[in-house]
Engineer: 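Dumping the structure here so I can ask a few things about it.
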Amino acid sequence: MSFTRRILNAFRFTCRSFPTNCRRFCTSQSVMASRHTHAKRIEGLDKNVWVAFTSVAADPSIVNLGQGFPDIPPPSYVKDALAKAASVDRMNQYTRGFGHPSLVKALSQVYGKVYSRQVDPLKEILVTVGGYGSLFSIMQGLVDEGDEVIIVEPFFDCYVPMVRMAGAKPVLIPLRPKSGKKAVSSADWYLDPDELSAKFSSKTKAIIINTPNNPIGKVFTRGELQVIADLCIKHDTLCFSDEVYEWLVYKGHQHVKIATLPGMWDRTITIGSAGKTFSVTGWKLGWSIGPEHLIKHLQTVMQNTLYTCPTPLQEAVAQGLLLNYKLMGQPDCYFSSLAEELEGKRDRLAAILQEAGMSPVIPEGGYFMLVDVTPLNQDLSHMGDDEAYDYKFVKWMIKEKKLAAIPVTAFVGEESKEQFEKYIRLCFIKVDCKMSMGQNVPPFISFWFATMETSLITF
Amino acid sequence: MPLFQLIMARRLYANRTIGVDKNVWVEFTQLAADYKAVNLGQGFPDFSPPQFVQDAFCKAVSGGPQMHQYTRAFGHPRLVKSLAKFFSRVVGHEIDPFEDVLVTVGAYQALFCAFQALIDDGDEVIIVEPFFDCYQPMVLMAGGTAVYVPLRPVNGGSTVLSSGDWVLSAEELASKITPRTKAIVINTPNNPLGKVYKVEELQMIADLCIKHDLLCFSDEVYEWLTYDGAKHVKIASLPGMWERTITVGSAGKTFSATGWKVGWAISSGKLIKHMKIIHQNSVYHCATAAQEAVSHGFDREYELFGTPESYFQQLPATLHRKRQKLASCLRSVGLQPVMPEGGYFMITDISSVNVDLNDESTKNESYDFRFVKWLIKEKGLATIPVSAFFSPEHSKEFDKYIRFCFVKEKQKQWKKAKVIKQLEKQKRQEAAERAEQEESQSNKGNSCHLLIVSYYRPR
């Protein structure tokens with residue numbers, strides 16, 4: 001008998017002399033100590049930046065430009081498609097595990113056009129619970145104990161815990177601002193090719209890239225992707241390309257799919273998201289596209305984790321995709337009209353932030369903007385020194401300025417914290433009145449000035 | 001050499017996907033589709049969810065923009081409050097909506113979170129057979145070892161008429177417990193057998209869990225579907241069990257909306273918190289609108305609980321009749337159905353049927369697999385072979401049963417009955433022919449047309 005068990009048995013024996021409720025108390029206490037230990041795979045994965053900041057969203061007096069979801073409505077035809085799908089009996093029951101047939105066919109059409117290649121709907125596509133679910137299926141299906149996975153900082157925060165949960169080691173490399181230049185655009189941030197090359201080792205299983213990037217908004221150029229592709233091929237690694245913001249690219253920039261570069265289709269999985277494509281993050285549908293010999297392992301994970309995604313939602317997304325497939329290249333295609341709408345919001349927010357004395361980094365894509373708060377020279381020493389500056393700044397800003405953002409060091413590793421701790425992230429896929437003056441919602445900018453203490457602001 | 005073979009000189013896929021890639025449903029659904037068979041195998045209703053829950057879904061879809069964006073990751077607030085309120089009354093224990101409840105993508109994902117959060121390398125998990133097939137690969141993927149204990153029909157099966165006659169031997173169960181045993185998985189009402197565990201049977205299991213300090217994963221997705229006065233008992237409600245039991249439930253089965261993929265785990269916060277970590281690193285959120293609709297469903301049922309208007313009364317009453325009809329059909333052709341006390345399914349003993357299974361391609365498979373395939377190919381009927389729900393070590397003992405689903409509309413039942421009557425007629429004709437001739441081995445008329453599972457996920 002194990003030592004622990006002997007102790008427990010002795011404990012229970014003692015308790016037998018006492019009334020029943022004490023026995024229950026004793027049993028439950030002893031139970032906590034021994035058997036209810038969690039599996040090792042979740043060690044150290046409990047922290048989460050959103051847990052710290054999402055409660056903020058519940059307070060209506062605070063303008064929340066932090067969390068990344070739209071408060072503009074989705075296109076009406078996708079909502080209509082959902083209502084219609086739910087009225088069909090069959091659509092309320094299980095569908096094909098790896099993706100609802102009409103959805104995978106629609107994805108195959110849209111992406112067949114985008115990739116200029118045939119994409120097999122049954123073998124080269126997996127529908128998942130959001131882009132998030134795709135990332136998870138990829139890590140669980142292809143990343144093993146002892147593997148290394150290169151992650152570009154700043155990164156969407158789930159990459160690191162997912163890599164660790166798969167038993168692998170995250171190897172981080174930061175985007176850096178071009179030297180001698182103040183970073184005013186996301187294009188001013190780049191990956192140093194030599195630094196990147198040095199991160200590859202015999203253990204490297206994959207590199208994760210995110211373009212357009214969250215939070216910076218960088219859209220990797222073809223040349224930059226070629227450098228990454230060359231390294232993947234040289235070192236025989238995989239590439240996981242998170243392209244959930246693929247349609248949100250602003251004038252003068254082009255989204256390039258690394259999977260279309262020579263030699264890359266067979267080693268790349270590309271992630272997409274209905275939530276980001278159609279402004280329906282609450283539908284939690286996404287997809288992975290790649291070659292059969294990779295997708296099949298993701299399918300194995302899918303069939304052993306949640307098996308299938310909701311049917312009516314998939315049907316509605318299929319309808320939305322088919323509609324826009326016909327409009328691709330035209331101005332009223334949602335894939336391009338949303339980008340146009342957001343470009344206006346981006347520019348308006350940037351102007352407002354400049355007016356408030358901050359330095360925005362204009363994103364080439366996505367719906368986030370980094371803001372350098374250094375010019376404000378806000379003294380936060382009274383808030384202690386156990387947190388990075390940006391965490392303290394955001395907490396101060398929520399309290400004093402009634403404006404919520406996300407601290408950017410949440411998206412980087414320990415070593416890069418200093419490089420990024422003067423930046424906060426704002427989301428601009430929000431109704432204009434939140435971002436400007438004279439509307440019902442207290443406009444943050446006027447409140448900002450009203451509560452400003454001029455002695456603290458330097459221009 | 002195909003290009004993809006140049007990828008990854010070392011193994012591509014993760015270790016955890018080894019041995020969990022095969023899936024029996026994929027094989028049968030393909031066969032069913034190929035032979036265009038009628039389906040009494042697939043485990044979901046072919047009728048719609050009740051009107052009140054469909055209305056709630058439509059209302060959510062046309063609700064404000066927040067219905068289409070992310071909600072609280074661990075469960076939409078309205079839903080967790082409804083679930084906590086509803087089940088507190090059922091379990092007799094105050095359930096905290098934010099600590100003791102986790103909403104998941106179907107009960108399937110709740111099971112996944114439980115195994116991943118609490119089962120580690122080297123842990124043993126006792127699975128009671130016959131079992132819903134996903135338990136075994138989930139244990140394997142978590143690095144655990146599955147240990148099987150079968151339910152056995154009393155008296156060697158000769159007078160078995162009800163699922164209640166299939167029992168667990170306390171001695172056999174106790175003998176399987178070792179110092180490495182971490183948890184036991186039970187499913188009540190059981191799929192495929194339909195057994196509804198009595199309170200004494202659960203107490204026996206509970207006593208062992210407490211004595212050996214085990215966790216209990218209790219899959220109760222069919223909790224409202226009990227017949228002939230059988231009472232569903234929650235093992236978590238027994239003394240000493242709340243802290244060590246994870247109870248899994250399903251909106252899909254509760255409200256006949258399997259395609260919504262909304263499920264939950266309810267347990268002590270100390271266990272749920274570990275599952276939350278898996279959830280936040282795998283899917284993070286579940287779809288919002290469906291959760292909103294399910295919460296309205298539970299609120300309605302809370303008010304109507306125990307009254308004739310309650311869906312939880314009406315659905316089992318409807319299915320009770322369908323169950324009787326199917327059983328009479330099967331008996332009329334000489335088969336011996338095992339009357340389920342609960343759930344969606346009925347198993348039937350086919351050992352009295354004498355057919356010539358001379359299909360070379362299935363030569364090495366178990367009898368019930370061969371029989372089901374023969375029925376698909378020769379009779380255009382599909383079911384599920386019950387040995388698929390048993391471990392390799394016990395499947396030979398249970399290879400003379402096939403599983404039907406009776407959660408089907410009248411027309412299909414009638415059609416099935418008609419087909420069975422045709423077989424009866426055919427049987428009589430063949431018997432007459434045989435009386436004249438010498439010998440025909442095939443007793444095709446004795447068979448019942450069984451319907452193939454399509455490529456949807458049966459439970």
Side-chain angles (χ1 to χ4, degrees), chain A residues 2 8 24 27-28 31-32 34-36 38-40 42 45-46 48 69-71 73-74 79 82-83 86 89 91-97 129 132-133 136 140-144 161-162 165 236 266-267 280-284 291 293 297 300-301 303-313, chain B residues 3-4 7-9 12-17 20-21 23 44 47-49 54 57-58 61 65 68-71 105-106 108-109 112 116-120 137-138 141 179 210 213 239-240 243-244 257-261 270-271 274 277-278 280-288 290 455-457:
Chain A
S2 77
L8 288 172
R24 273 179 87 165
T27 309
S28 63
V31 145
M32 298 320 152
S34 63
R35 304 294 296 185
H36 294 178
H38 51 266
K40 285 190 282 297
I42 61 173
L45 302 186
D46 49 320
N48 189 287
F69 61 83
D71 64 5
K79 287 197 288 182
L82 180 56
D89 283 0
M91 292 291 159
N92 290 299
Q93 308 305 333
Y94 293 131
T95 184
R96 176 176 170 268
V129 178
Y132 214 99
F136 182 70
Q140 290 287 306
L142 300 170
V143 175
D144 228 335
M162 283 192 185
M165 204 173 128
D236 193 20
D266 285 302
R267 56 178 75 251
V280 286
T281 60
W283 288 24
K284 287 295 295 191
H293 60 269
H297 300 301
T300 298
V301 172
Q303 88 196 17
N304 291 301
T305 52
L306 50 101
Y307 206 89
T308 184
C309 292
T311 316
L313 297 168
Chain B
L3 186 60
F4 74 81
I7 311 250
M8 292 278 134
L12 199 56
Y13 48 89
N15 223 3
R16 67 183 70 79
T17 64
V20 299
D21 52 319
N23 190 282
F44 59 82
F47 47 82
S48 61
Q54 282 196 298
F57 189 76
C58 283
V61 170
H68 299 282
Q69 307 307 333
Y70 294 130
T71 182
V105 181
Y108 213 98
Q109 196 228 333
F112 178 73
Q116 286 284 309
L118 297 161
I119 303 302
D120 228 334
M138 284 190 184
M141 229 174 116
I210 292 167
D213 198 11
E243 307 85 19
R244 58 178 74 250
T258 60
W260 291 14
K261 289 293 288 183
K270 290 176 168 59
L271 296 181
H274 300 312
I277 296 176
I278 298 293
Q280 88 194 26
N281 288 301
S282 58
V283 304
Y284 204 15
H285 299 88
C286 302
T288 313
Y455 73 166
Y456 302 110
R457 176 69 176 168

Engineer: With a 4.5 angstrom heavy-atom cut-off, which part of Q280(B) approaches chain A: side chain, backbone, both or neither?
Structural biologist: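 Contact with chain A is through both the backbone and side chain of Q280(B).
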Engineer: Please classify the contact of V143(A) with chain B as side chain, backbone, both or neither, using a heavy-atom distance under 4.5 Å.
Structural biologist: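 Backbone only.
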Engineer: Quick check for you: to the nearest 0.5 Å, what is the distance between D71(A) atom CG and H68(B) atom NE2?
Structural biologist: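 Reported value, rounded in 0.5 Å steps: 13.5 Å.
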Engineer: Can you find a pair of side-chain heavy atoms, one from K284(A) and one from Y70(B), that are under 4.5 Å apart?
Structural biologist: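 Yes; the side chains approach each other to less than 4.5 Å.
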Engineer: Taking A257(B), P65(B), C286(B) one by one, which has the highest count of heavy-atom pairs under 4.5 Å against chain A?
Structural biologist: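 Most heavy-atom pairs within the cutoff with chain A belong to A257(B).
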Engineer: So how far is it from L12(B) CG to H297(A) NE2, rounded to the nearest 0.5 Å?
Structural biologist: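 These two atoms lie 5.0 Å from each other.
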Engineer: Please report the closest heavy-atom contact between Q303(A) and Y108(B), naming both atoms and the distance.
Structural biologist: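 That closest heavy-atom pairing would be O-OH, 2.8 Å.
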Engineer: If you count heavy-atom pairs within less than 4.5 Å of chain A, which of T71(B), T288(B), V61(B) leads?
Structural biologist: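 The candidate making the most pairs under 4.5 Å is V61(B).
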Engineer: Applying side chain to side chain contact (heavy atoms under 4.5 Å, CB included), run through L82(A) and F57(B) and close with a yes or a no.
Structural biologist: CA-CA 10 Å; L82(A) 180 56; F57(B) 189 76; 4.0 Å; yes
Engineer: State, yes or no, whether a side-chain contact exists between I278(B) and M165(A) at a heavy-atom distance under 4.5 Å.
Structural biologist: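 In short, these two side chains touch, coming nearer than 4.5 Å.
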Engineer: Would you say the side chain of K261(B) lies within less than 4.5 Å of the side chain of C309(A), judging by non-hydrogen atoms?
Structural biologist: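 No, their side chains stay 4.5 Å or more apart.
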Engineer: Quick check for you: among S282(B), S48(B), P49(B), which has the greatest number of heavy-atom pairs under 4.5 Å with chain A?
Structural biologist: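 So the answer, after comparing S282(B), S48(B), P49(B), is S282(B).
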Engineer: Let me confirm one number: the CG-CG distance from D144(A) to N15(B), rounded to the nearest 0.5 Å.
Structural biologist: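 Here the rounded value is 5.0 Å.
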Engineer: With sequence neighbours excluded, what pairs up with T311(A) under the side-chain hydrogen bond (donor to acceptor under 3.5 Å, both in side chains) test?
Structural biologist: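 Per chain and number, T311(A) pairs via side-chain hydrogen bond (donor to acceptor under 3.5 Å, both in side chains) with no residue.
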Engineer: May I ask you to name which of A39(A), A86(A), P70(A) has the most heavy-atom pairs under 4.5 Å with chain B?
Structural biologist: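 So the answer, after comparing A39(A), A86(A), P70(A), is A39(A).
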Engineer: Heavy atoms only, distances under 4.5 angstrom: which of A117(B), G106(B), A290(B) has the most pairs with chain A? Name it, please.
Structural biologist: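 When all of A117(B), G106(B), A290(B) are compared, A117(B) has the most.
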Engineer: May I ask you to test the N92(A)-W260(B) pair for a side-chain heavy-atom distance under 4.5 Å?
Structural biologist: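 In contact.
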Engineer: Nearest 0.5 Å, what's the CE-OG1 distance between M141(B) and T305(A)?
Structural biologist: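 It is 6.5 Å, given to the nearest 0.5 Å.
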Engineer: At a heavy-atom separation under 4.5 Å, does P74(A) approach chain B through its side chain, its backbone, both, or neither?
Structural biologist: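 Looking at P74(A), just its side chain touches chain B.
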Engineer: Please determine, among T281(A), T300(A), V280(A), the option with the most heavy-atom pairs under 4.5 Å with chain B.
Structural biologist: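 That would be T281(A).
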Engineer: Decide yes or no for Y284(B) and V129(A): does some side-chain heavy atom of the first lie under 4.5 Å from some side-chain heavy atom of the second?
Structural biologist: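 No, too far: nothing below the 4.5 Å cut-off.
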Engineer: Taking the side chain as C-beta and beyond, is there a heavy-atom pair between H274(B) and I42(A) under 4.5 Å?
Structural biologist: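 Answer yes - side chains close enough.
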Engineer: Which residues pass the side-chain hydrogen bond (donor to acceptor under 3.5 Å, both in side chains) test with N281(B), sequence neighbours left out?
Structural biologist: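 By the side-chain hydrogen bond (donor to acceptor under 3.5 Å, both in side chains) rule, N281(B) matches no residue at all.
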Engineer: For residues P312(A) and G259(B), report the shortest heavy-atom separation together with the two atoms involved.
Structural biologist: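 Looking at all heavy atoms of both residues, the closest pair is CD-O, 3.6 Å.
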Engineer: If you draw a 6.0 Å radius around OH in Y13(B), do more than 12 non-hydrogen atoms from other residues or ligands fall strictly inside?
Structural biologist: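 Counting other residues, nucleotides and ligands, OH of Y13(B) stays at 12 neighbours or fewer.
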